[in-house]
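Keep in mind the model is a prediction, meaning the values are calculated, not measured. These values consider heavy atoms only, across backbone and side chains, with no hydrogens, waters or symmetry-generated copies.
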Amino acid sequence: MHKLLSIVIAALFAAVSVSAFAASHAGAQAKDDKKMEKKEAVMEKKMEKKEAAMEKKMDKKEAAMEKKADMKKDEKKADMKKDEKKADKK
């Protein structure tokens, strides 16, 4: 009877130890998954911000280029008017 009680206690201790060990490792793994998901979300937000900033920058460049083109057209028109006036005077 004494040996049976010792075997039962040893088995109980082993089962508790194994379950505690498994739980500690499973918990750590779940924590890492949560961290990875959080990091992915943060990286995704950063990429969205960068894309938005790049779009804004490109829009500004396009607007500046259009403004330059308009200015050149205006200059050409002014030059053409000057040429017409000179031609009319002759």
How many angstroms lie between CE in Met71 and CD in Glu66, if you round to the nearest 0.5 Å? 14.0 Å
With rounding to the nearest 0.5 angstrom, report the CG to CG distance, Asp74 to Asp79. 11.0 Å
Using residues 50-57 as the side-chain source, report each donor-acceptor pair under 3.5 Å to any protein atom, sequence neighbours left out, with the distance given to one decimal.
none

Working to the nearest 0.5 angstrom, can you tell me the gap between Leu5 CG and Met1 CE? 7.0 Å
First locate atom NZ of Lys35, then atom NZ of Lys38, and finally report the distance between them rounded to the nearest 0.5 Å. 9.5 Å
Taken to the nearest 0.5 Å, the spacing of Glu37 CD from Glu44 CD works out to 12.0 Å
